[in-house]
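One structure below.
Nothing here was measured: the structure is a model prediction, and the numbers come from that model. Atom set for the values below is all heavy atoms of this structure, side chains included, hydrogens, waters and symmetry mates excluded. One-based numbering along the sequence shown.
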Amino acid sequence: NLLRLFVHQYYAFCGLALAIFSFLPMWFSKFTLSENLSVFLFTFLVWNLILFWRSGEWLFYMNVLGTAGLLVFTRIEGFAFLGLTLIILLVNPRTRRLWHAHPWNSLVFPFLIFTLFFLRNFFINLPYYTMIGKAFLKFCHQLGAVHSASDLGQMNNPLTLGAVFLLYGLLAIFSLGFLGILAFIKEKRWLLLLPAVLAFPTFIYFFDPNISLDHPWMLRRYLFSLFPSLLFSATVGLALIFAKEKNLPLDKPQGKRLLCVSLIFLGMLILQYPAWNAGIFFAENPSLLKQVAAFSQEFSDKDLILVDRNATGDGFAMLTGPAQFLFGKNAVYFFNPYDLASLDTAPFEHVYLLTPEADQARYVAVFGERLVFRKTVTFSLQQLENLSLESQSPLRLPEKTTRETRDFLFQIY
């Protein structure tokens, strides 16, 4: 629908095909990530901003405020999106007329509601905001340093990030997206720039992803705002460049122009296919839930199970959540052996510890003879590799791997 506001349905179909056959939304939609909610909210925000800019209708205005407010609680970048949204609204004459005619409904009440929810969230999650603040200050310091120790600086080759985009079929889309932005500026189509303007704060990730340099995991940084905004700019930009008549919505090209545009879209689809094909029919850890279910059956609701973060072999695939919420067991994440003294274990008849064989030494050093060995537990994971850009190995698509982690189950008392 967003593309069809500006281009013929032929271009909208091509843009949709690029999104469907892209590795980013296909792969990361298989995980529980804030980016999956954010990409919807960001696109919905852009759509409503454009509709409000055109019509000034009250419904679109409220959708804009509500969506921008939700983004604040979804991603830390949401604060930047909210600020830019308010600036965009401010420069729109329709907004100023709305504020003047209905100040309480359009300004005061939304502000009070947002402030109430934000203050409640802020004090409940104060440690999170403190951590984010420190990380932001460190990030700014790294960007300002001449010899930055940031992740991008550790790549050694500034073309490495571009090579990763090429590997996953994103380089052509991103490049044509920037070309489309230049075309919008040249033709003075300011409304078409709105998605890129709103996503502008996240363009910093092209210089420093601010995430561990493991692909495909690092590509989540580009999913929620950069991918939809540059996909929009690439599709509409091509339509504008090849259009005979520049009136919106841009018409379908004819003759040689149609052939040329079709070949460009086909080329982008072909570049995306290898990465898309590598992940479309693969889901990580399909058997892990059954393994957790079998493990959970050995405990009663009077047992407390302390689980090391790496018990399954992957700190992002912990068994404590399913064990607790799906199978009703008292399984909790446990890292620091000295924390046991602070836990109220009176309601439990037994306390168990599950730790990988490689990590048992630090628990033995604290608990000593209190640890009574009960059994060995093995978990098997099926995943795509996370390939580090900091290694000297050549860039390639990740392969499917199967690995096992051997754990020891101890009874503490």
Side-chain angles (χ1 to χ4, degrees), residues 1-7 12 15 18-19 22 24-25 34-57 59-96 98 110 114 118 136 170 173-185 187-210 220-237 239-240 248:
N1 285 339
L2 179 58
L3 287 172
R4 291 181 66 180
L5 292 174
F6 301 104
V7 295
L18 287 176
S22 174
L24 283 187
S34 62
E35 286 85 352
N36 292 321
L37 176 59
S38 298
V39 68
F40 163 74
L41 291 175
F42 179 85
T43 308
F44 190 67
L45 173 60
V46 169
W47 186 57
N48 280 280
L49 263 176
I50 291 173
L51 291 176
F52 177 74
W53 191 277
R54 285 182 162 183
S55 66
E57 292 186 17
L59 175 63
F60 301 135
Y61 173 79
M62 294 307 297
N63 285 343
V64 166
L65 290 186
T67 308
L70 284 174
L71 273 167
V72 169
F73 301 106
T74 308
R75 295 283 306 175
I76 195 65
E77 296 89 348
F79 287 97
F81 295 152
L82 177 61
L84 281 173
T85 298
L86 294 177
I87 293 173
I88 293 170
L89 289 175
L90 181 63
V91 300
N92 188 345
R94 291 188 174 92
T95 309
R96 296 195 294 271
L98 187 65
F114 174 80
F118 175 73
F136 178 74
L170 298 170
I173 294 177
F174 288 170
S175 299
L176 286 174
F178 284 110
L179 180 63
I181 292 172
L182 294 178
F184 301 156
I185 296 173
E187 297 291 336
K188 298 182 180 180
R189 300 302 179 97
W190 310 122
L191 188 58
L192 298 178
L193 284 169
L194 196 148
V197 169
L198 200 60
F200 182 73
T202 56
F203 278 46
I204 190 67
Y205 294 141
F206 285 118
F207 302 96
D208 190 339
N210 198 32
R220 59 185 290 198
R221 279 286 185 264
Y222 307 93
L223 170 63
F224 63 94
S225 62
L226 293 172
F227 178 73
S229 61
L230 291 176
L231 177 61
F232 172 88
S233 299
T235 304
V236 181
L240 185 62
L248 298 177

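Using a 30° and 60° split on the angle between ring planes, Phe44 and Phe40 fall in the parallel class, below 30°.
In this structure, Pro228 and Val39 approach most closely via the heavy-atom pair CG-CG2, 4.1 Å. For the pair Ser233 and Phe184, the tightest heavy-atom approach, listed with the atom from each and the gap, is O-CZ, 3.8 Å. For the residue pair Val46 and Pro195, the shortest heavy atom distance occurs at CG1-CG, 3.6 Å. A pairwise comparison of heavy atoms in Gly15 and Leu231 identifies O-CD2, 3.8 Å as the closest pair. For Phe227 against Ala19, the heavy-atom pair with the smallest separation is CZ-CA, 4.2 Å. Taking both residues in full, the closest heavy atoms of Pro209 and Tyr222 are given as CG-OH, 3.4 Å, listed atom of the first, atom of the second, then distance.
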Practice task
Evaluate the criterion side chain to side chain contact (heavy atoms under 4.5 Å, CB included) for residue pair Leu170 and Ser22; output intermediate values, then yes/no.
Solution key: CA-CA 8 Å; Leu170 298 170; Ser22 174; 3.9 Å; yes
Exercise for the section: Let me see the working for Phe6 and Leu192 under side chain to side chain contact (heavy atoms under 4.5 Å, CB included), right down to the final yes or no. Expected result: CA-CA 8 Å; Phe6 301 104; Leu192 298 178; 3.3 Å; yes
Problem - side chain to side chain contact (heavy atoms under 4.5 Å, CB included) between Leu5 and Leu51, intermediate numbers included - result: CA-CA 9 Å; Leu5 292 174; Leu51 291 176; 4.0 Å; yes
Problem - Step-by-step side chain to side chain contact (heavy atoms under 4.5 Å, CB included) determination, Trp53 to Leu49 - result: CA-CA 6 Å; Trp53 191 277; Leu49 263 176; over 6 Å; no
Under 3.5 Å donor-acceptor pairs involving side-chain atoms of residues 70-92, not counting sequence neighbours:
{"residue": "Thr74", "atom": "OG1", "partner": "Leu70", "partner atom": "O", "Å": "2.7"}
{"residue": "Arg75", "atom": "NE", "partner": "Glu77", "partner atom": "OE1", "Å": "3.1"}
{"residue": "Arg75", "atom": "NH1", "partner": "Ser34", "partner atom": "OG", "Å": "3.1"}
{"residue": "Arg75", "atom": "NH1", "partner": "Glu35", "partner atom": "OE2", "Å": "2.9"}
{"residue": "Arg75", "atom": "NH2", "partner": "Glu77", "partner atom": "OE1", "Å": "3.4"}
{"residue": "Arg75", "atom": "NH2", "partner": "Glu77", "partner atom": "OE2", "Å": "3.1"}
{"residue": "Glu77", "atom": "OE2", "partner": "Tyr205", "partner atom": "OH", "Å": "2.5"}
{"residue": "Thr85", "atom": "OG1", "partner": "Phe81", "partner atom": "O", "Å": "2.7"}
{"residue": "Asn92", "atom": "OD1", "partner": "Arg94", "partner atom": "N", "Å": "3.0"}

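Taking the side chain to side chain donor-acceptor pair (under 3.5 Å) definition, one finds that Thr95 meets it with nothing, sequence neighbours left out.
The number of heavy-atom neighbours closer than 6.0 Å to CZ of Arg4, taken from other residues, nucleotides and ligands shown, is 12 or below. Within 6.0 Å of atom CZ in Phe60, more than 12 heavy atoms from other residues, nucleotides or ligands are found, so the atom counts as buried in its surroundings.
The main-chain N or O of Leu226 is found under 3.5 Å from a side-chain atom of Ser229 such that the two form a donor-acceptor pair.
Among pairs with a residue in residues 222-232, none fulfils salt bridge (Lys or Arg N to Asp or Glu O under 4.0 Å), at least two apart in sequence or across chains.
When ring centroids are compared, Phe178 and Phe203 come within the 6.0 Å threshold.
Here the straight-line distance linking atom CG of Asn48 with atom CD of Glu57 works out to 10.5 Å at 0.5 Å rounding. A distance of 9.0 Å separates CG of Leu193 from CZ of Phe232, quoted to the nearest 0.5 Å.
Under the side-chain contact (heavy atoms from CB on, under 4.5 Å) test applied with Leu41, the options Leu45, Leu37, Thr43 reduce to a single match, Leu37.
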